[in-house]
Enquirer: 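Dropping a structure here in structure tokens format, bear with me for questions.
Order of the sequence lines sets the chain letters (A, B, ...), proteins ahead of strands, with each chain counted from 1. This structure is a prediction, so every number in the text was calculated from the model and none was measured.
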Number of protein chains: 4
Amino acid sequence: MTGSTHSKPRRRPSQARSQDTVNCILEATAHILRSEGFRKATTNHIAERAGVSIGSLYQYFPNKQALLRALTEKHLSEMQQQIAVRLSDSLSMPVPEAIASMVDVMLDAHALDPALHAVLTEHASQILPREEQNRLENLYTDLVLGYLNQRSAEICCDDLKLASFILVHSLETLTHRAIASTDPQQNEWISNASLRRHLIRLFTNYLSGQ
Amino acid sequence: MTGSTHSKPRRRPSQARSQDTVNCILEATAHILRSEGFRKATTNHIAERAGVSIGSLYQYFPNKQALLRALTEKHLSEMQQQIAVRLSDSLSMPVPEAIASMVDVMLDAHALDPALHAVLTEHASQILPREEQNRLENLYTDLVLGYLNQRSAEICCDDLKLASFILVHSLETLTHRAIASTDPQQNEWISNASLRRHLIRLFTNYLSGQ
Amino acid sequence: MTGSTHSKPRRRPSQARSQDTVNCILEATAHILRSEGFRKATTNHIAERAGVSIGSLYQYFPNKQALLRALTEKHLSEMQQQIAVRLSDSLSMPVPEAIASMVDVMLDAHALDPALHAVLTEHASQILPREEQNRLENLYTDLVLGYLNQRSAEICCDDLKLASFILVHSLETLTHRAIASTDPQQNEWISNASLRRHLIRLFTNYLSGQ
Amino acid sequence: MTGSTHSKPRRRPSQARSQDTVNCILEATAHILRSEGFRKATTNHIAERAGVSIGSLYQYFPNKQALLRALTEKHLSEMQQQIAVRLSDSLSMPVPEAIASMVDVMLDAHALDPALHAVLTEHASQILPREEQNRLENLYTDLVLGYLNQRSAEICCDDLKLASFILVHSLETLTHRAIASTDPQQNEWISNASLRRHLIRLFTNYLSGQ
DNA sequence: CATGAATGAGGTTTCATTCAT
DNA sequence: CATGAATGAAACCTCATTCAT
């Protein structure tokens, strides 16, 4: 029984320490971005907060950009993992259910780490090359476009590409702004339940409207 | 006789020159932001481009933040001037026309200086304190909310505040992304005309839908 | 009497200060290179020794390379100024006198700032791009080659290009090593007079030999 | 029975492996110096290329200087081995043959590993203390001086020490520059055969000239 | 002895800001 | 008021070296 399911203690010790350090650095970066903002995320500050020397940071990340990129990719891939699985389910549903599902998925995904998401999104242009930014955007619009094409019979729309653009971006912005807003006043009055209801209506009426 | 030709130039000579210098600096800042990006907008570079000494720049603006703030406020107030006048007209129209008008106003406003608008928006958090950002946001949502309240009879909606939030933010994002996007592929397929039509339908169906 | 010959006090004050600073930085660099070596010539150390802030150093030189390049060019141009004038005189003399003159010129030129010359020569590859190094080398070989071609009747040699290569490089190395050597033992026994005599004989016999 | 086949491999197992590691590190250093230059020769890079850990490198060399010194000494001793044997033969010949032989020896020695020789020579001051550099230089000059003293009857020269200085240094520089030059233009036109002929004439005429 | 993760002093460079002229 | 030379804190990053495993 070499491969029992409950333990992975045999990983090589050196690599375990490395992975710890890497995680430590990434988590420190995330923490600083969340609580102190982009400008305070200097490599020295990150290393200090991670409890490692500046040299260690540069052992694992060739430069600051790469560190931020790695964090962004990790964060986005965590969101995507959530999203991809559930979205593929949605894509077999009829329009109203599919929209409801999409909204739910998006709300949940943004609830994962809203503060970090806000900072990373806001500074995307300084972290990722435009090409990569577009790739990420198209990832969703293409997914939705595929779905809309499939269901075009139920949809009253002359430009499905534009429709997916509108759906994805307004959904993204509205969930983002509603959840990530650190303004206590706003957070208060936007309940997830009613936001959900409104978003569903916004999109349903848009696609199926007369 | 509002403008006698011979007396005006002599009035407040120093103040006029001051205003010139200030405008010069602001325009240089805007130009650099548009064409070279946020990172290249150093105070020295701005002063050089404006044709004034760095010392003069600091004569008129206590620090870089203040300069960026002033530019942002100028830009937003120019947009608002356009918007406010025409929006107040819209506010007396019935829902469908009002929405069409709002969309038009927004599209026009963003067409004013899209590149500058993109940069300022993206770096808002580094320019304005959150408080000020919220103030600007509420400026629109409150305006729209006021209108929706006035027309609540024609609207099928249980939370007009949330509705105005949704309207303002998705309108803002979608026009912004559609216009300011520098991705040639996207610019190509999003025609203003069809975007306009879709936005109108999105919001009309949302508010008046069953 | 605005232009009296004994004073130049009207130069613009700002530019005078700048030039002072630049000279100060260059001299500090030269001093450190001479007395502490290439490795100790850090930008911070240079600025400190020059009595200016590190910021000032970078106001006048975009980077360390440029500073070293400027110093090298200044040094070489000072040497060349000496050399060029006198060498052009030599080029009209018959072979034996021309060689004697060339040796003298070289000895004098290297006596200008031997320690600095040694360091700059040794690290040329880190200061100048190879292309520039070659350009400097060819400057002399071409000059000598031109002379040899002109006097080819008096010279017993089948390959004047190779001859000029040999002349220039051994002259350069031998004067350089003899003068710049900081080993007191060697400096002692190589008198300029006898070195001069030997070099002249070395080259005269080479060119006019049977 | 000097080489029994079955016993040798077992002798000093650790020391043999040590020597292997040391050679490996030295060869890696040489390779990097030759192909990537002095600046890229970092201890970590060397260790990686040698296939040993950075810790092991420091097991065998107390610091980077010592490593470079060891490599330099190894390289020079390999050159010297070639030179010493053949030069001692030359020293019994009459002047013209001796000079021809010296030139040949030098050309061959420099052809051994010209790229490495170039790098080590250029950075000698950062590798060896001046004292050691002088020791190496004198090694040759003293050898040649000894020969010249022995043959002083055939030589027309008033200062044999200076003569050996001139011989050794110009021979060294000219072979070095002719061979190690990476400038394709120069490499092309300097054929070893004609360089050899010219060097022989240069030195022969110098020593035996009227 | 081997390993390689970790260290941190110190290098280069930037840029908002000040202040003597 | 205008100028622009000067400032220096602070950012990013390197690499020789150490030391726990």
Enquirer: Should D/Thr43 be listed as having a side-chain N or O under 4.0 Å from OP1 or OP2 of F/dA16?
Expert: yes

Enquirer: Paired with F/dA9 by Watson-Crick or G-U wobble geometry, both distances under 3.5 Å: which nucleotide is it?
Expert: E/dT14

Enquirer: Distance check needed: E/dC15 P versus B/Leu57 CG, whole Å only.
Expert: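 Roughly 15 Å, once rounded to whole Å.
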
Enquirer: In whole angstrom, what separates C/Ile46's CD1 from E/dG11's P?
Expert: 11 Å

Enquirer: Taking atom C1' of E/dT21 as reference, at what distance in whole Å does atom CG of C/Asp20 sit?
Expert: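 After rounding, the reported distance stands at 15 Å.
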
Enquirer: Taking a pair as Watson-Crick or G-U wobble with both distances under 3.5 Å, which nucleotide is matched to F/dT14?
Expert: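 Paired with E/dA9.
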
Enquirer: Could you check whether any side-chain N or O of A/Thr121 sits under 3.5 Å from a backbone N or O of A/His117, counting only pairs where one atom can act as donor and the other as acceptor?
Expert: yes

Enquirer: For A/Val52 and for C/Thr42, find the nucleotide of DNA chain E with the closest heavy atom, then tell me which residue's nucleotide is more 5'.
Expert: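 So the residue in question is A/Val52.
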
Enquirer: State which of F/dG8, E/dA5, F/dT18 makes the closest approach to the side chain of A/Tyr60.
Expert: E/dA5

Enquirer: Select from C/Tyr58 and A/Asn44 the residue whose nearest nucleotide in DNA chain E is closer to the 5' end of that strand.
Expert: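 The residue closer to the strand's 5' end, by nearest nucleotide, is A/Asn44.
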
Enquirer: Between F/dC12 atom P and A/Phe61 atom CZ, what is the distance in whole Å?
Expert: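 Whole-Å distance recorded here is 15 Å.
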
Enquirer: Kindly point out which of E/dC15, F/dA2, E/dT12 is positioned nearest to the side chain of C/Lys64?
Expert: E/dT12

Enquirer: Can you tell me the distance, in whole Å, between the CG atom of A/Leu67 and the P atom of F/dC12?
Expert: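 Value for this atom pair: 10 Å.
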
Enquirer: Hey, which of these two, B/Gly55 or A/Gly55, hits DNA chain F nearer its 5' end, going by closest nucleotide?
Expert: B/Gly55

Enquirer: Under a 3.5 Å cut-off for both distances, is E/dT21 Watson-Crick or wobble paired, and to whom?
Expert: F/dA2

Enquirer: With a 4.0 Å cutoff (strictly under), does any side-chain N or O of C/Ser53 reach OP1 or OP2 of F/dA6?
Expert: no

Enquirer: Can you tell me how far C1' of E/dA16 sits from CD of B/Gln126, to the nearest Å?
Expert: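 Rounded to the whole Å, the gap is 15 Å.
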
Enquirer: Would you confirm whether C/Gln133, through its side chain, and C/Leu128, through its main-chain N or O, come within 3.5 Å as a donor-acceptor pair?
Expert: yes

Enquirer: Verify the contact: side-chain N or O of D/Ser56 to OP1 or OP2 of E/dT3, cut-off strictly under 4.0 Å; return yes or no.
Expert: yes

Enquirer: Answer with yes or no whether the side chains of B/Ser53 and B/Ser56 bring together a donor and an acceptor at under 3.5 Å.
Expert: yes

Enquirer: May I ask you to evaluate whether C/Thr21 reaches the phosphate of F/dA6, defined as a side-chain N or O under 4.0 Å from OP1 or OP2?
Expert: yes

Enquirer: Decide whether C/Thr21 and C/Tyr60 meet the rule of one side-chain donor and one side-chain acceptor closer than 3.5 Å.
Expert: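 C/Thr21 vs C/Tyr60: no donor-acceptor pair found between side chains.
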
Enquirer: For residues 38-48 of chain A, run the donor-acceptor check on the side chains, cut-off 3.5 Å, and write out each pair with its distance to 0.1 Å, sequence neighbours left out.
Expert:
residue, atom, partner, partner atom, Å
A/Thr42, OG1, A/His45, N, 3.1
A/His45, NE2, A/Glu36, OE1, 3.1
A/His45, NE2, A/Glu36, OE2, 3.2

Enquirer: C/Arg39 has an atom CZ; how far is it from atom C1' of E/dG11, in whole Å?
Expert: 13 Å

Enquirer: Please tell me which of the listed nucleotides, E/dA5, F/dT14, F/dT7, lies nearest to the side chain of A/Ile54?
Expert: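 Shortest atom-to-atom distance from the side chain points to F/dT14.
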
Enquirer: Is there side-chain contact between C/Arg34 and C/Val119, with at least one heavy-atom pair below 4.5 Å?
Expert: no

Enquirer: Just how far, in rounded Å, is P of F/dA20 from CD of D/Gln59?
Expert: 15 Å

